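A quick note: this is a predicted structure, and the numbers were derived from the prediction, not measured.
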Amino acid sequence: MRWSRYFLYTSKEDPAEAEAPSHRLLLKAGFIKQVSAGIYEILPAGWRVIKKIENIVRKEMDRSGAQELLLTVLNPAELWKETGRWESYGNELFRLKDRNGREYCLGPTHEEEITDLVRKFVHSYRQLPLLLYQIQVKFRDEKRPRFGLIRGREFIMKDAYSFDADEFSAMMSYENMKFAYDRIFKKLRLDVIMAQASVGQIGGSQSHEFIAFTDYGEAKVGYCENCGYAGNTEIISLPKPDPQEEEEKPMEKVHTPNVRTIEELSRFLNVHPSKILKAVLYIVNAKDPVMVLIRGDRDIDENKLEAVLGTENFRLADDKEVKDLLGTEKGFIGIFNLPEGVKVLWDNSLYGVKNMVVALNEPDYHYVNANPGRDFNYGKFVDVAQVVEGDPCPQCKSPLKVRKGLELGHIFLLGTRYSDPMKAYFTDPEGKEKPIIMGCYGIGISRVMAAIVEQHHDEKGIKWPTPVAPFEVAILCLNPSDQELAQVSEKLYLEAQEKGLEVIYDDREESAGFKFADADLVGFPYRIVVGKKIKEGKVEIQKRATGERFDVSVEEAINRVKEMVEEDKK
RNA sequence: CGGGGUGUAGCUCAGGUGGUAGAGCGUCGGCUUUGGGAGCCGAAGGUCGGGGGUUCAAGUCCCCCCACCCCGACCA
């Protein structure tokens, strides 16, 4: 490809709206263009990358025995009503009607459709196991699209579905996909950790996430360097700690005017935040007040709280509700003088504490040195604390590490969550009718592109790993108006094409510095620089990933690059 | 959905107290230049996010709406 004719336009200015490196660089280097919030066009260079990612995924899926097909974008509402997700999926489901008033949605995931398809053809245990997948555009009307391709409302996803006759076989399918995912992320040159995860909206009995460590992810992983455990922090349970050994001091009421936050209180009374009993008032199902108590140095994980409450329909109480229910203000909510009807939950972190600072639902006052058993009584203990670095590993108790990451893949053992309500049954060898055991397996393809940039870039631009680079080599003719340079460049360009290299030839009428900067930004793994060294019959090869550079003769150049490219792709 | 912020040229931005819109980059024409985002000369390019209001006069003041970004809660 001649760059002078190629639809690839870079920008010198950083785009104002982008913050995450992948978002900024993909825009700046001309890979994507935003159309509206969370919706992007993928431009020719970007599409080359996407296709390479897809093909790596495709190859490993096929190797695992999966068969590719293509489901629909427009799903009829009836299927979603069969599983109850038409109601339960919420506002993230893009819903629309056709001219006759029939309801549809734009598929955010395809369990319903694939189950419908399979139940129409599969009736016997002889047809199982079965593994189907597609690479398809998906739609989710995200509350908050973010960071370019990292969380879009329209995105490309690979989703696979397994169908088995029994639990054991289903487990084998699940394990098979784990291995496939491991191979896929290695080939994509992504540093990914597999973590236990919650099943969430999709449902099922167990699930794992594949998370790439990045600063712009939204998943938090706790992992253990001692035993190898890894899990999404929202599912890591924290046990009650050992009781504190401390002499109980007499309780006192102290004046704490206008001291509202844990931090202010800690400073005002000169006590560590862990000595403060934090109380947070939630309103559940729009009416029931629930007070959650937790140690002052900890925060509530609302995913865990959701599991405890059994509903996602809860929120923090507002100032008025606090006033009406407790007769106080935020900052002075506590366990003393609690009115009837306020349910109280104690986080495990408060077990065995001594000499605590506690609010009493009276503005501007706190008790100090309150002790359980003497001054107040414990109630129901629950685990709702956010996991932080140093918390005990659920397997071996060693201190956990916690890092942010980006969820690239998620696999679920679904069981009969979909096959049961949709009556996807088969007949077993005994002639009995049973629901098919299912699993589902996603990889966010467009998100993978962003993750690769997050993990492979520097201040100058992207450093594409060779297997996913839009072009493997760029030929930079530093002075196209010089006949000799132009001729050599043309010759190298033809030779590279003949030898099967994916090559872009920068023949634009631009200065040398401009071309270097553009090549750095766009991130081609190799470049051949045709410049003044041509007088000695030499050109320079540069490797983007390492910055290494060396001169070779014009004759050798293409073969040398070809060798390095082949080595990278192994 | 809660909180914060921004909308002015293709891009990045400047435009006290109201007086009829600018810069740099990019684009186009010309000359010069070619190993790290070159220089000079000239030119084109704007419903100032949209609507309403106040005013002799609104990019600027007031009201409503929209879009986008960031933080929080949620998904690949």
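Rounded to whole Å, the distance from CZ on F314(A) to C1' on rA73(B) is 9 Å.
For K12(A), the side-chain atoms get nearest to rG37(B) when compared with the rest of rG37(B), rC74(B), rU34(B). For E92(A), counting side-chain heavy atoms from C-beta on, the closest listed nucleotide (rC74(B), rU34(B), rA76(B)) is rC74(B). With rC69(B), rC70(B), rC1(B) as the choices, the nucleotide that has an atom nearest any side-chain atom of E19(A) turns out to be rC70(B). The listed nucleotides are rC75(B), rC71(B), rA38(B); the one nearest the side chain of S511(A) is rA38(B). Relative to the side chain of T10(A), the nucleotides rG37(B), rG35(B), rC68(B) differ in distance, and rG37(B) lies closest. Taking only side-chain atoms of F155(A), from C-beta outward, the nucleotide of rA76(B), rC68(B), rC25(B) with the closest atom is rA76(B). The side chain of S36(A) approaches rC68(B) more closely than any other nucleotide in the set rC75(B), rC68(B), rG37(B). For Q34(A), whose side chain is taken as the heavy atoms from C-beta onward, the closest listed nucleotide among rC69(B), rG37(B), rA76(B) is rC69(B). Out of rC25(B), rC75(B), rU27(B), the shortest distance to the side chain of R140(A) is found at rC75(B). Each of rG37(B), rC70(B), rG35(B) was ranked by its minimum atom distance to the side chain of F516(A); first place goes to rG35(B).
Distance noted for atom C1' between rC13(B) and rG18(B): 23 Å (whole Å). Here, rC63(B) and rC11(B) have their P atoms 29 Å apart, quoted to the whole Å. For the P atom pair drawn from rC75(B) and rG5(B), the interatomic distance equals 29 Å after rounding to whole Å. Taking atom P on both rG72(B) and rG10(B), the two are 34 Å apart, rounded to the nearest angstrom. Taking atom P on both rG37(B) and rA76(B), the two are 45 Å apart, rounded to the nearest angstrom. On the C1' atoms, rU27(B) is 11 Å away from rA9(B), given to the nearest whole Å. Comparing the C1' positions of rG45(B) and rA23(B) gives an interatomic distance of 15 Å, to the nearest angstrom. rU17(B) and rU60(B) have their P atoms separated by 11 Å, with the value rounded to a whole Å.
In terms of position along RNA chain B, the nucleotide closest to R549(A) lies nearer the 5' end than the nucleotide closest to the other residue of the pair R549(A) and A20(A). Take the nearest nucleotide of RNA chain B for F210(A) and for V530(A): the residue whose nucleotide is more 5' is V530(A).
Within 4.0 Å of G531(A), counting heavy atoms only, lies at least one base atom of the nucleic acid. F147(A) comes within 4.0 angstrom of sugar-phosphate atoms only, judged by non-hydrogen atoms across all strands, and of no base. If you check every strand for non-hydrogen atoms under 4.0 Å, V448(A) touches nothing. Using a 4.0 Å heavy-atom cutoff across all strands shown, K138(A) reaches no nucleic acid atom at all. Residue contacts for E407(A): at a heavy-atom cut-off of 4.0 Å it reaches the sugar-phosphate backbone alone, with no base atom in range. Counting non-hydrogen atoms under 4.0 angstrom, L408(A) reaches the backbone sugars and phosphates but no base. When heavy atoms are screened at a 4.0 angstrom cut-off, G409(A) is found touching the sugar-phosphate backbone but no base atom. Within 4.0 Å of R24(A), counting heavy atoms only, lies no atom of the nucleic acid at all.
With hydrogens and angles left out, the side-chain atoms of E13(A) and S11(A) include no donor and acceptor closer than 3.5 Å. If you check the side chains of Q134(A) and D159(A), you find a donor sitting under 3.5 Å from an acceptor. In summary, the side chains of Y133(A) and D62(A) do present a donor paired with an acceptor at a separation below 3.5 Å, with no hydrogens or angles considered. Looking at T109(A) and E111(A), their side chains do bring a donor and an acceptor atom within 3.5 Å of each other. Defined by atom type and a distance below 3.5 Å, a donor-acceptor pair is present between the side-chain atoms of T72(A) and E113(A).
For F179(A) and Y174(A), the ring centers sit 6.0 Å or farther from each other. Residues Y526(A) and F524(A) keep their aromatic ring centres 6.0 Å or farther apart. In this structure, W47(A) has its ring center no closer than 6.0 Å to that of F7(A). Ring-centre distance between Y161(A) and Y441(A): not below the 6.0 Å cut-off.
Note that R2(A) lies outside the cation-pi zone of Y505(A), set by a 6.0 Å cut-off to the ring centre and a 45° limit from the axis. For the pair R48(A) and F471(A), the cation-pi test (distance below 6.0 Å, angle within 45°) is passed. By the 6.0 Å and 45° rule, R95(A) does not stack over the aromatic ring of W80(A).
Under 4.0 angstrom from either OP1 or OP2 of rC75(B) there lies no side-chain N or O belonging to R153(A). For rA73(B), neither phosphate oxygen OP1 nor OP2 lies less than 4.0 angstrom from any side-chain nitrogen or oxygen of N303(A). Within the structure, a side-chain polar atom (N or O) of R144(A) is placed less than 4.0 Å from OP1 or OP2 of rC71(B). Between R146(A) and rG72(B), a side-chain N or O to OP1/OP2 separation shorter than 4.0 Å is present.
Taking only distance into account, the side chain of R151(A) meets the base of rC74(B) through a donor-acceptor pair shorter than 3.5 Å. Taking 3.5 Å as the limit, the base of rG37(B) and the side chain of D518(A) contain a donor-acceptor pair of atoms between them.
Across all strands shown, rC1(B) forms a Watson-Crick or G-U wobble pair with rG72(B), both key distances being under 3.5 Å. Pairing for rA14(B) is absent, judged as Watson-Crick or G-U wobble with the two contacts each under 3.5 Å. When Watson-Crick and G-U wobble pairs are counted only if both distances are under 3.5 Å, rA43(B) pairs with rU27(B). Here rG35(B) sits opposite no nucleotide as a Watson-Crick or G-U wobble pair (both hydrogen-bonding atom distances under 3.5 Å). Figure legend. rG7(B) is base-paired to rC66(B); pairs are counted as Watson-Crick or G-U wobble with both atom distances under 3.5 Å.
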Would you list the protein and nucleotides 8-12 of chain B atom pairs, both N or O, that sit under 3.5 Å from each other?
unit_1: rU12(B); atom_1: OP1; unit_2: A16(A); atom_2: N; d: 2.9

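For the pair P108(A) and K138(A), the tightest heavy-atom approach, listed with the atom from each and the gap, is O-CD, 3.6 Å.
Remark: E540(A), Q542(A) in residues 534-548 of chain A come within less than 4.0 Å of RNA chain B through at least one heavy atom.
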